[in-house]
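Quick note: residue numbers are just sequence positions, from 1.
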Amino acid sequence: MGDFMDNKIILAEKGLKKNGFKVRVFDKIDKAKEALMEDIGVHESIGFGGSMTLSEMGVYEDLKNRGNKVYWHWMAEDKNAALKAAQSSDIYLSSTNALTLDGKLVNVDGTGNRVSSIFYGHKRVYIIAGRNKICKDYDEAIDRIKNIAAPKNANRLNIDTPCKFTGKCNDCNSPNRICNVEVVIHKNTPGFNINVFLIDEDLGY
């Protein structure tokens, strides 16, 4: 790890732990995937939130091939059924749009299915985040979401929002707007089990 990024990861890890999250740090995505596969039992069902990080990780295929019941609307013919099943799964996997050095998870969603599942309704949640998601504070996190993550996702989804064309947030009123629900998790809620895997690689948007 480089000195600067290593320091950011250390600070983020410290902040997250202070806020009650369970945190593990990895230097490579493959090591994080190996640990995830070890943590999840073959008898447990897994729901996926929309995430380029998880797509790059390739863990959906590994879990499915191992025999786990996995639900990801990105991979399903019946997307609504997959979304509903993911809501009641034992385990939920997602990334985060941003996380701050003082240990907050900052997310913005189009419909709210992903952000609601990362803090409610599951035995365990795993947040997989590359170093590029680490931000100094809430303001920088929101700026990152609006002007990096949202335009890239609009392009990926090929939807006609202004940010797709301008590369930055226009606080639009488009019917295809993908920034409708904002959730900031300040601390791991009592009785809930949020695990954060920090990886020293640039992953996802």
Within the distance-only criterion (no hydrogens, no angle test), does the side chain of Glu13 pair as donor or acceptor with the backbone N or O of Ile9 below 3.5 angstrom? no
His186 (side chain) donor-acceptor with Lys104 (main chain) under 3.5 angstrom: no
Please determine whether the number of non-hydrogen atoms from other residues, nucleotides or ligands lying under 6.0 Å from atom OH of Tyr120 exceeds 12. no
Go through Leu63 and Leu36 one step at a time and tell me if the side-chain contact (heavy atoms from CB on, under 4.5 Å) criterion holds. CA-CA 10 Å; Leu63 288 165; Leu36 191 63; 5.6 Å; no
Would you say the side-chain atoms of Glu56 pair up with the backbone N or O of Gly204, donor to acceptor, closer than 3.5 Å? yes
Are Leu101 and Ile145 connected in the hydrophobic side-chain network, where two residues link if heavy atoms are under 4.5 Å apart? no
Does Arg124 pair with Glu44 as a salt bridge, N-O distance under 4.0 Å? yes
Between Thr100 and Asp137, do the side chains contain a donor N or O and an acceptor N or O under 3.5 Å apart? no
Are side-chain heavy atoms of Arg131 and Ile199 found at a separation under 4.5 Å? no
Quiz question: by atom type and distance under 3.5 Å, do the side chains of Arg144 and Asn97 form a donor-acceptor pair? no
Let me see the working for Tyr205 and Asn153 under side-chain contact (heavy atoms from CB on, under 4.5 Å), right down to the final yes or no. CA-CA 8 Å; Tyr205 303 155; Asn153 275 306; 3.4 Å; yes
Test side-chain hydrogen bond (donor to acceptor under 3.5 Å, both in side chains) on Lys22 and Asn188; report intermediate values, then the result. CA-CA 9 Å; Lys22 297 179 180 179; Asn188 195 1; over 6 Å; no
Between Val108 and Val115, is there a shared hydrophobic cluster once you connect ILVMFWY residues whose side-chain heavy atoms come closer than 4.5 Å? no
Centres of the Phe197 and Phe26 rings: under 6.0 Å? yes
Do Leu203 and Ile148 belong together in a cluster built from hydrophobic side chains that touch within less than 4.5 Å? no
Is the count of non-hydrogen atoms from other residues, nucleotides or ligands lying under 6.0 Å from Asn180 atom CG greater than 12? yes
For Lys28, I'd like to know if atom NZ has over 12 heavy atoms of other residues, nucleotides or ligands within 6.0 Å. no
Does Arg66 reach the side chain of Ile40, with side-chain heavy atoms less than 4.5 Å apart? yes
Do Tyr126 and Tyr92 have ring centroids that are under 6.0 Å from one another? no
Value rounded to 0.5 Å, distance of CG in Asp200 from NZ in Lys8: 11.0 Å
Rounded to the nearest 0.5 Å, what separates atom NE2 in His122 from atom OG in Ser89? 4.5 Å
Assess, by modelled atom type and distance only, whether the side chains of Asn193 and Asn195 contain a donor and an acceptor separated by less than 3.5 Å. yes
Near Lys123 NZ, under 6.0 Å, is it more than 12 heavy atoms from other residues, nucleotides or ligands? yes
Atom pair CD/CG of Glu140 and Asp143 - distance to nearest 0.5 Å: 7.5 Å
With the side chain counted from C-beta on, respond yes when Asp90 and Ile46 share a heavy-atom pair under 4.5 Å apart, and no when they do not. no
Should Val23 and Ile118 be regarded as members of a common hydrophobic cluster, given that ILVMFWY residues are connected when their side-chain heavy atoms come within less than 4.5 Å of each other, either directly or indirectly? yes
Heavy atoms, side chains only, cut-off 4.5 Å: are Pro151 and Lys164 in contact? no
Side chains of Val106 and Leu99, heavy atoms from C-beta outward: is any pair under 4.5 Å? no
Could you walk me through whether Asp30 and Met57 satisfy the side-chain contact (heavy atoms from CB on, under 4.5 Å) test, starting with their C-alpha distance in whole Å, then the side-chain angles of each, then the deciding distance to 0.1 Å, before giving a yes or no? CA-CA 7 Å; Asp30 288 345; Met57 196 179 213; over 6 Å; no
Could you walk me through whether Ile127 and Ile194 pass side-chain contact (heavy atoms from CB on, under 4.5 Å), step by step? CA-CA 7 Å; Ile127 304 294; Ile194 301 178; 4.0 Å; yes
Does any N or O in the side chain of Ser51 come within less than 3.5 Å of the main-chain N or O of Leu54, such that one atom is a donor and the other an acceptor? yes
Interatomic distance, Asn80 atom CG to Leu83 atom CG [nearest 0.5 angstrom]: 6.0 Å
Given side chains that start at C-beta, do those of Asp109 and Val183 come closer than 4.5 Å, heavy atoms only? no
When the aromatic ring centroids of Phe48 and Tyr60 are compared, is their separation below 6.0 Å? yes
Calculate, to the nearest 0.5 Å, the distance between atoms NZ and CG belonging to Lys133 and Leu105 respectively. 11.0 Å
State whether the side chain of Asn68 and the backbone N or O of Val42 hold a donor-acceptor pair below 3.5 Å, judged by distance alone. yes
With a 4.5 Å limit on heavy-atom distance, are the side chains of Asn132 and Ile134 in contact? no
Heavy-atom pair with the smallest gap, counting every atom of Ser95 and Ala129: OG-CA, 4.1 Å
Lys/Arg-Asp/Glu bridge criterion (N-O < 4.0 Å) met for Lys33, Asp62: yes
Any donor and acceptor pair, going by atom type alone, linking the side chain of Ser174 with main-chain N or O of Thr161 inside 3.5 Å? no
Donor-acceptor contact present, side-chain Asp78 to main-chain Ala76, <3.5 Å: no
Spacing of CZ belonging to Phe21 relative to OG1 belonging to Thr189, to within rounding of 0.5 Å: 8.5 Å
Examine the side chains of Ser117 and Asn113 and answer whether a donor and an acceptor come within less than 3.5 Å of each other. no
In terms of hydrophobic clusters joined by side-chain contacts under 4.5 Å, are Leu16 and Phe119 together? yes
Pairwise side-chain contact, Val59 with Met37, heavy-atom cut-off 4.5 Å (strictly under): yes
Are the charged groups of Arg177 and Asp171 less than 4.0 angstrom apart, N to O? yes
Would Asn107 and Thr96 count as having a side-chain donor-acceptor pair, cut-off 3.5 Å? yes
Would the distance check show the side chain of Asp102 and the main-chain N or O of Gly15 forming a donor-acceptor pair, the cut-off being under 3.5 Å? no
What's the shortest heavy-atom distance between Ile178 and Ala154, and which atoms? CD1-N, 4.0 Å
